[in-house]
Amino acid sequence: RKEVEQDPGPFNVPEGATVAFNCTYSNSASQSFFWYRQDCRKEPKLLMSVYSSGNEDGRFTAQLNRASQYISLLIRDSKLSDSATYLCAVNKGSSASKIIFGSGTRLSIRP
Amino acid sequence: GAGVSQSPSNKVTEKGKDVELRCDPISGHTALYWYRQSLGQGLEFLIYFQGNSAPDKSGLPSDRFSAERTGGSVSTLTIQRTQQEDSAVYLCASSLRPGQEDEQYFGPGTRLTVT
């Protein structure tokens with residue numbers, strides 16, 4: 001089993017739709033969770049960290065489910081500019097451990 | 001302020017040659033990561049430096065790959081006797097320190113093509 005797994009997609013949804021992605025992780029000791037966005041031929045950039053209580057930033061909501069070992073990203077009222085690959089990232093366990101990325105979920109928003 | 005920089009941005013080399021890729025992290029960042037990304041694929045972890053601790057080299061795919069970080073700042077990833085399967089984008093990232101807020105800042109990457 002991969003340490004961090006994501007559905008590769010692509011997800012193709014109409015503008016204005018709500019879309020959600022999940023990301024599962026294998027190490028129950030993981031403490032830090034993130035969602036990154038990567039545009040085509042660009043480097044990844046942090047979208048949001050994921051906190052235990054869940055957090056929201058505008059149209060984006062991130063949640064953590066420790067019992068089932070997954071994080072989720074919800075995008076409401078999707079825009080054409082949301083088209084990108086969304087990568088989840090999880091640290092391996094201890095606070096000083098490395099970050100492992102999922103392979104990413106491709107999202108395409110159509111007009 | 002200045003972000004993470006990498007050089008060269010593009011490198012074309014012949015099979016069997018050695019290459020060196022450079023990463024300048026954000027000043028003051030103690031953690032530095034190297035990843036590899038093939039076309040349409042996710043990020044493959046290669047190596048992780050954290051302060052003065054021994055680096056985590058568990059992701060290096062073979063002994064042809066090595067990396068060093070001098071003075072806790074600049075890092076160089078060296079690939080010896082390059083093979084065609086080494087062709088990929090090599091991304092470097094740094095973070096202020098590991099922990100709950102360990103946001104990584106990525107450089108623009110070096111696109112390596114082995115012919």
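Just so it is clear: chains get the letters A, B, ... in the order the sequence lines come, proteins before strands, and each one is counted from 1.
Transitive grouping of hydrophobic side chains (ILVMFWY, heavy atoms separated by less than 4.5 Å) brings L87(A) and I109(A) into a common cluster. Criterion: ILVMFWY side-chain heavy atoms under 4.5 Å apart, direct or through other members. Under it, F21(A) and Y25(A) are part of a common hydrophobic cluster. Side-chain heavy atoms closer than 4.5 Å link hydrophobic residues (I, L, V, M, F, W, Y) into clusters, and following such links, even through other members, never connects L46(B) to Y33(B). Note on V50(A): it clusters hydrophobically with I100(A), by side-chain heavy-atom contacts below 4.5 Å among ILVMFWY residues.
Only the side chain of Q38(A) comes within contact range of chain B, with heavy atoms under 4.5 Å apart.
Of the possible polar contacts, none joining the Y48(B) side chain to the I99(A) backbone as a donor-acceptor pair under 3.5 Å is found.
Within the model, atoms CD of Q37(B) and OG of S103(A) stand 10.0 Å from one another, a figure rounded to the nearest 0.5 Å.
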side-chain contact (heavy atoms from CB on, under 4.5 Å), that's the test. Do E43(A) and Y35(B) meet it? Break it down for me. CA-CA 11 Å; E43(A) 70 273 21; Y35(B) 297 93; over 6 Å; no
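The aromatic ring centroids of F45(B) and F101(A) lie 6.0 Å or more from each other.
A 6.0 Å sphere centred on CG of L39(B) holds no more than 12 heavy atoms belonging to other residues, nucleotides or ligands. Other residues, nucleotides and ligands place no more than 12 heavy atoms under 6.0 Å from the CD atom of E14(B).
By the 4.5 Å heavy-atom criterion applied to side chains, F34(A) and Q104(B) are not counted as neighbours. Considering only heavy atoms from C-beta on, L91(B) comes within 4.5 Å of P44(A) through its side chain.
Taking both residues in full, the closest heavy atoms of S58(B) and K98(A) are given as OG-NZ, 2.5 Å, listed atom of the first, atom of the second, then distance.
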